[in-house]
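All values below were derived from every heavy atom in this structure, side-chain atoms included, with hydrogens, water molecules and symmetry-related copies excluded. In what follows, every chain begins at residue 1, and chains take the letters A, B, ... in the order their sequences are listed.
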Amino acid sequence: MKWTHTYIPTLRDAPADAELISHQLLLRAGYIRRLAAGVYIYLPLMQRTLRKFSQIVREEMDAAGAIEITMPVLAPSAVWKKSGRYDTVGHIQMRLKDRGKREMILGGTHEEVVTTLITGELKSYRQLPINLYQIQAKFRDEIRPRFGLLRAREFIMKDAYTFDADQESHSKSYQKMVEAYFKVFERAGLDTKKVEADTGDMGGEGAHEFMVIVDTAGGEDTVFFCNKCDYAANVERATFRDSTPPDPDEKELPLEKIETPGASTIEQVTGFLKVDARKLAKTLIYKADGEMVAVMIRGDRELNEVKLKNHLGAKELEMAGPEMVEKLTGAPVGFAGPVGLKGAKIHIDNELALLKNFIVGANENDSHYLNANLGRDFESVGQGDLISASDGELCPACGAESGGKLWSKRGIEVGNTFMLGTKYSKSMDAKFLGADGKQQPFIMGSYGIGITRTAQAAIERYHDDKGIIWPKAIAPYLVEIVPLNYEDEKLRAAADKVYSELTSAGFDVLLDDRPERAGVKLNDADLIGLPIRVTIGAKSLKEGKIEIKARSESEMILASLEDSVLVVRKMLEKLR
RNA sequence: CGGGGUGUGGCGCAGCCUGGUAGCGCACCUGCUUUGGGAGCAGGGGGCCGGAGGUUCGAAUCCUCUCACCCCGACCA
């Protein structure tokens, strides 16, 4: 392809509204343009990258026995009402009314639609297992679209759904998808980590996320990894063993109220009383589905709202504002405590149940209690793991034996796999006849790969200060030929020759035939980030040589004009 | 939805406070020169200043309403 025959509108300045480097590069290098908040046009280079990555996904899905179909993007809201998700995911669904005032939904995921399809079609265990997938545009009415394609309102996703007759078969289907995912990302040149994840609105019995680890601002998720074993989990889900547990033989001391003037934060209280934050208990007031709850965790910990939401089984969870806290406790924020607290049920974190003689707010301005004890001074209605892991804590899997520790990294989620169990098949009445002659619900799985977000994640992972550095498998073209002056007959002839030879050899080649200055072309070549650049200039051509350089490497190979195919092929083999 | 901010030519911005009929850099067009990392000179095209209403002799500028977009938060792949 010649540059002037396609459309690559590069920009010298990045549009001001792009935050992430990957988002800026997509705009600057002429891959995407914004149409509305979170809605993007994919320009020719992007189109090619998306097509290449989709093809990899398609090949690996097919190889894993999945069957490609296309379901409609538009669906009646009725199917969502049937599964019960109309209410739980409603806030993020793109909804509209047709001319008959029927409410429709632009799909963000297709569990309901695929389950509707299967119901009544698949009647026997003999027809199972089955795995159906599609690659298409998805819609989510994001509360706040941002980061370009990473949080868009319209995006492209591969979604697959498995139906199995029993748990054992489901586990096999699930494992097949996990393996296919590793192959997909490896082929795309991306190192991904599989981590345990919360199931969120999707529901079901468990989930994993596939993460591209980055050290840039684009890392949207925090993930914990063990340094001794392969434990890995999203912070939403990660558990850990306390590295400094309290003394279990400590004797209970008498409750004592003390003055703590102006000490409303953990730092202030620990500073004032000269005690460790581990001897404090934070009492946090939340509103869960309209009811007030008090949540107690140790002073040195962070509450994990995802875990709390799961623990309470709440649909809506929000931290109480200062007025609500004052109304409930009778004291300003910072002095809430469990002793004598009325109007809110108390839930405590597991760690707190082991703690004795801790310090709590007294529900009174400038006052705390010393030596509070669970059971003696107050009661809780629920207990569970409610706090987030933190760096340096012991691994929940191997920490007890080998002393493995957890360390966090930032990642971008590019794929996910859900063990849905029978959540949808039961609620939507999707059943088959088992070998025992009895009706039973399908055991389902759901598996997503974000096509557009993976492309951006690759850029967030692979770039430098000059531009994108594509992995070869998802680069829009493999080679860019840059004749420094295409108007010069000799350079033009050499460029055309290299172009036709590389093209005949089967490489995707882009030839920059623009009448631009050398500097502009070289900078644009670095910007759009094709794996290999062939530079053709007067100086080396005089010796019958052309220059071949990998975008990711600094050294350049001076090759003779005739060897272009050979050198390019050899160089490509070595590239990621 | 709460808080903050911005809308001026394709992109990046100044002008607004203190009203007088729009400017800079890049990009674009023409010509000449130039040609190995974002050229030089000369000439040129393009903006009803997001929209509506108001104040005023006069509004990009002041006031009201509205729309869009961005950032922080909640939410989320």
Closest to side chain of [X], choosing from [options]:
X	options	value
A/Glu19	B/rG36, B/rG37, B/rC71	B/rC71
A/Asp13	B/rG37, B/rG12, B/rC70	B/rG12
A/Ala36	B/rC71, B/rC69, B/rG36	B/rC69
A/Glu305	B/rC70, B/rG38, B/rC75	B/rC75
A/Asp524	B/rC75, B/rG38, B/rC70	B/rG38
A/Ile143	B/rU34, B/rA74, B/rC71	B/rA74
A/Arg12	B/rA27, B/rC75, B/rC13	B/rA27

**Report entry** Contact residues, residues 450-462 of chain A to RNA chain B [heavy atom, < 4.0 Å]
**Finding:**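 RNA chain B contact set from residues 450-462 of chain A: A/Arg453.
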Side chain of [X], base of [N]: donor and acceptor closer than 3.5 Å?
X	N	value
A/Glu318	B/rG2	no
A/Ser540	B/rG36	yes
A/Arg146	B/rG73	no
A/Asn485	B/rG36	no

Query - Complement of B/rG45, any strand, by Watson-Crick or G-U distances under 3.5 angstrom - result: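 B/rG45 is paired with nothing.
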Query - Any-strand Watson-Crick or G-U partner of B/rC65, both distances under 3.5 Å - result: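 Checking every strand shown, B/rC65 finds its partner in B/rG51, with both distances under 3.5 Å.
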Query raised in the report: When you measure from the side chain of A/Arg410 to the backbone N and O of A/Thr216, does any donor-acceptor pair fall under 3.5 Å?
Result: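 No; zero donor-acceptor contacts below 3.5 Å.
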Report task. Name the nucleic acid region contacted by A/Lys158, choosing base, sugar-phosphate or nothing; use a 4.0 angstrom heavy-atom cut-off, strictly under. Result ->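 No contact at all - A/Lys158 keeps every heavy atom at 4.0 Å or more from the nucleic acid.
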Requested in this report: Kindly say if A/Arg144 contacts the phosphate of B/rC72, meaning a side-chain N or O under 4.0 Å from OP1 or OP2.
Outcome: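 Checking B/rC72 against A/Arg144, a side-chain N or O does come within under 4.0 Å of OP1 or OP2.
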